[in-house]
Amino acid sequence: MAKEKTLKDNIYNSILEGIIDYEYVPNQIITEKEMVQKYGCSKSPIREALIALCTDGVLRSIPRCGYEIIQLTVDDIRNIQNYRLVLECGMLRFYYNKVTDQQLNRLRQLDQVCNSADDVWSHWKHNTEFHLQLISLSQNIYAYQELNRAMTVLLRAYAQHYRNKWNPIVPPTDTRYHCKLLEALETSDLEMAREALGNDLNDFGEVRLF
């Protein structure tokens with residue numbers, strides 16, 4: 001049973017990575033038979049992985065046809081970013097005046113590697129780590145898990161909408177408010193921190209929240 005579960009999880013992650021890497025494009029139909037042939041295993045873990053991807057809003061089941069790769073829209077991105085705005089800015093009040101020098105230094109390190117990333121996926125990874133590290137300061141595991149889920153959805157959106165717009169010559173600007181946010185945390189300025197974090201979340205590609 002444990003082996004089957006592990007196989008199902010591996011297939012789930014492999015299909016998800018295929019979507020992010022554009023091996024599978026939005027609105028493409030994939031089938032159970034196709035996946036069985038690809039992974040060389042029984043139908044059971046394949047079906048479980050596909051159903052789990054449907055539950056998580058990655059795929060859409062089409063009876064007698066297969067599973068469609070869901071295209072995330074600009075409205076989807078805006079809704080997730082608005083959710084992040086409420087979640088991340090709301091959690092600030094639990095830790096804005098309790099951040100240690102060690103925690104600030106860790107956030108600065110993550111910001112530095114994020115800005116020095118030379119490809120879109122490294123940049124995304126380190127920016128995600130920055131925000132997850134930030135919300136972890138609240139010591140609220142539920143908030144951390146919810147943000148992690150939201151970032152996973154946004155990764156797919158980022159891949160679908162911005163993968164062809166990345167210019168390695170021009171440094172990304174979507175983390176330019178990190179420094180202001182860290183300054184606010186260093187001085188325990190809640191309003192400045194909320195403003196900086198809000199501006200940071202409003203700077204996702206071409207999507208604007210306010």
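As the structure is a prediction and not an experimental result, all values here were calculated from the model.
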*Can you tell me how far CH2 of W124 sits from CD1 of I20, rounded to the nearest 0.5 angstrom?*
9.5 Å
*Charged N to carboxylate O under 4.0 angstrom, E17 versus R156?*
no
*asked:* Using a 4.5 Å cut-off between side-chain heavy atoms of Ile, Leu, Val, Met, Phe, Trp and Tyr, which other residues end up in the same hydrophobic cluster as I62?
replied: I29
_D75 backbone acceptor or donor facing N79 side chain under 3.5 Å_ = yes
_Please find the pair of heavy atoms, one from N140 and one from A143, that lie closest to each other, and give the distance._
OD1-N, 3.0 Å
*Got a donor-acceptor contact below 3.5 angstrom from the S14 side chain to the N10 backbone?*
no
*Between the side chain of N105 and the main-chain N/O of D101, is any donor-acceptor distance below 3.5 Å?*
yes
*Distance in Å, L92 CG paired with L181 CG, rounded so as to fall on 0.5 Å steps*: 7.0 Å
*What distance separates I11 CD1 from I46 CD1, expressed to the nearest 0.5 Å?*
3.5 Å
_Quick check on the hydrophobic clustering: are M192 and L107 connected, directly or via other members, by side-chain heavy-atom contacts under 4.5 Å?_
no
*Any chance NZ of K38 has more than 12 other-residue heavy atoms, nucleotides or ligands included, within less than 6.0 Å?*
yes
*Within a reach of under 6.0 Å around CD of E34, are more than 12 heavy atoms found that belong to other residues, nucleotides or ligands?*
yes
*Check step by step if salt bridge (Lys or Arg N to Asp or Glu O under 4.0 Å) holds for E186 and R108.*
CA-CA 11 Å; E186 188 173 23; R108 290 191 183 100; 3.3 Å; yes
*asked:* Testing the basics here: between I30 and Y24, what is the closest heavy-atom pair and its distance to 0.1 Å?
replied: CG2-CD2, 3.9 Å
_Side chain D21, main chain E23, donor-acceptor under 3.5 Å_ = no
_Check whether N13 reaches the backbone of D9 with its side chain - one donor and one acceptor, N or O, closer than 3.5 Å._
yes
*asked:* Can you tell me how far apart CG (D111) and CZ (F130) are? Round to the nearest 0.5 Å.
replied: 5.5 Å
*Sorted by first residue and then second, give each salt bridge (charged side-chain N to carboxylate O under 4.0 Å, His left out) pair with at least one member in residues 64-73; sequence neighbours left out.*
R60-E68
*Is a donor on one side and an acceptor on the other found under 3.5 Å between the side chain of Q81 and the backbone of N202?*
no
*Decide side-chain contact (heavy atoms from CB on, under 4.5 Å) for V25 and I69; before the verdict, give the C-alpha distance in whole Å, the side-chain angles of both, and the deciding distance to 0.1 Å.*
CA-CA 7 Å; V25 299; I69 311 297; over 6 Å; no
*asked:* Using the rule given for side-chain contact (heavy atoms from CB on, under 4.5 Å), can you reason through M91 versus Y144, listing the C-alpha separation, both sets of side-chain angles and the distance that settles it, and then say yes or no?
replied: CA-CA 10 Å; M91 296 308 295; Y144 182 95; over 6 Å; no
*Which atom pair, heavy atoms only, marks the closest approach of A193 to L185?*
CB-CD2, 4.4 Å
*With sequence neighbours excluded, residues passing salt bridge (charged side-chain N to carboxylate O under 4.0 Å, His left out) with R93*: none
*side-chain contact (heavy atoms from CB on, under 4.5 Å) against S61, all qualifying residues, sequence neighbours excluded*: C54, Y67
*asked:* Tell me if a side-chain donor or acceptor on N82 pairs with a main-chain N or O of R78 at a distance below 3.5 Å.
replied: yes
*Steps toward side-chain contact (heavy atoms from CB on, under 4.5 Å) verdict (Y177, L197)*: CA-CA 7 Å; Y177 295 103; L197 185 52; over 6 Å; no
*Would you call Y12 and I51 a side-chain contact if the rule is heavy atoms closer than 4.5 Å?*
no
*More than 12 heavy atoms of other residues, nucleotides or ligands under 6.0 Å from CD of Q109: is that the case?*
yes
_Interatomic distance, K43 atom NZ to L50 atom CG [nearest 0.5 angstrom]_ = 12.0 Å
*Indicate the atoms forming the closest heavy-atom contact of L104 with V99, along with that distance.*
CG-CG1, 3.6 Å
_Restricting to ring pair (Phe, Tyr, Trp, His ring centres under 6.0 Å), what partner residues turn up for H131, sequence neighbours left out?_
H178
*Treat each ILVMFWY residue as a node, draw an edge where side-chain heavy atoms are under 4.5 Å apart, and state whether V113 and L155 are in one component.*
no
_Sidechain-backbone polar pair: D200 side chain, A196 backbone, donor-acceptor under 3.5 Å_ = no
*In terms of heavy-atom contacts, does CG of N27 have more than 12 from other residues, nucleotides or ligands at under 6.0 Å?*
yes
*Counting only N and O atoms by type, is there a donor-acceptor contact under 3.5 Å from the side chain of Q160 to the main-chain atoms of I70?*
yes
_Please find the pair of heavy atoms, one from Y22 and one from A159, that lie closest to each other, and give the distance._
CE1-O, 4.3 Å
*L7 and P45: which non-hydrogen atoms are nearest, and at how many Å?*
CD2-CG, 3.7 Å
_Nearest-0.5 Å distance that lies between atom OG1 in T100 and atom CG in L137_ = 8.0 Å
Can you give me every donor-acceptor pair (side chain of residues 145-154, partner residue at least two apart or in another chain, under 3.5 Å) with its distance?
from : atom 1 : to   : atom 2 : distance (Å)
E146 : OE1    : Y83  : OH     : 3.1
E146 : OE2    : R149 : NE     : 3.4
E146 : OE2    : R149 : NH2    : 2.3
T152 : OG1    : N148 : O      : 3.0

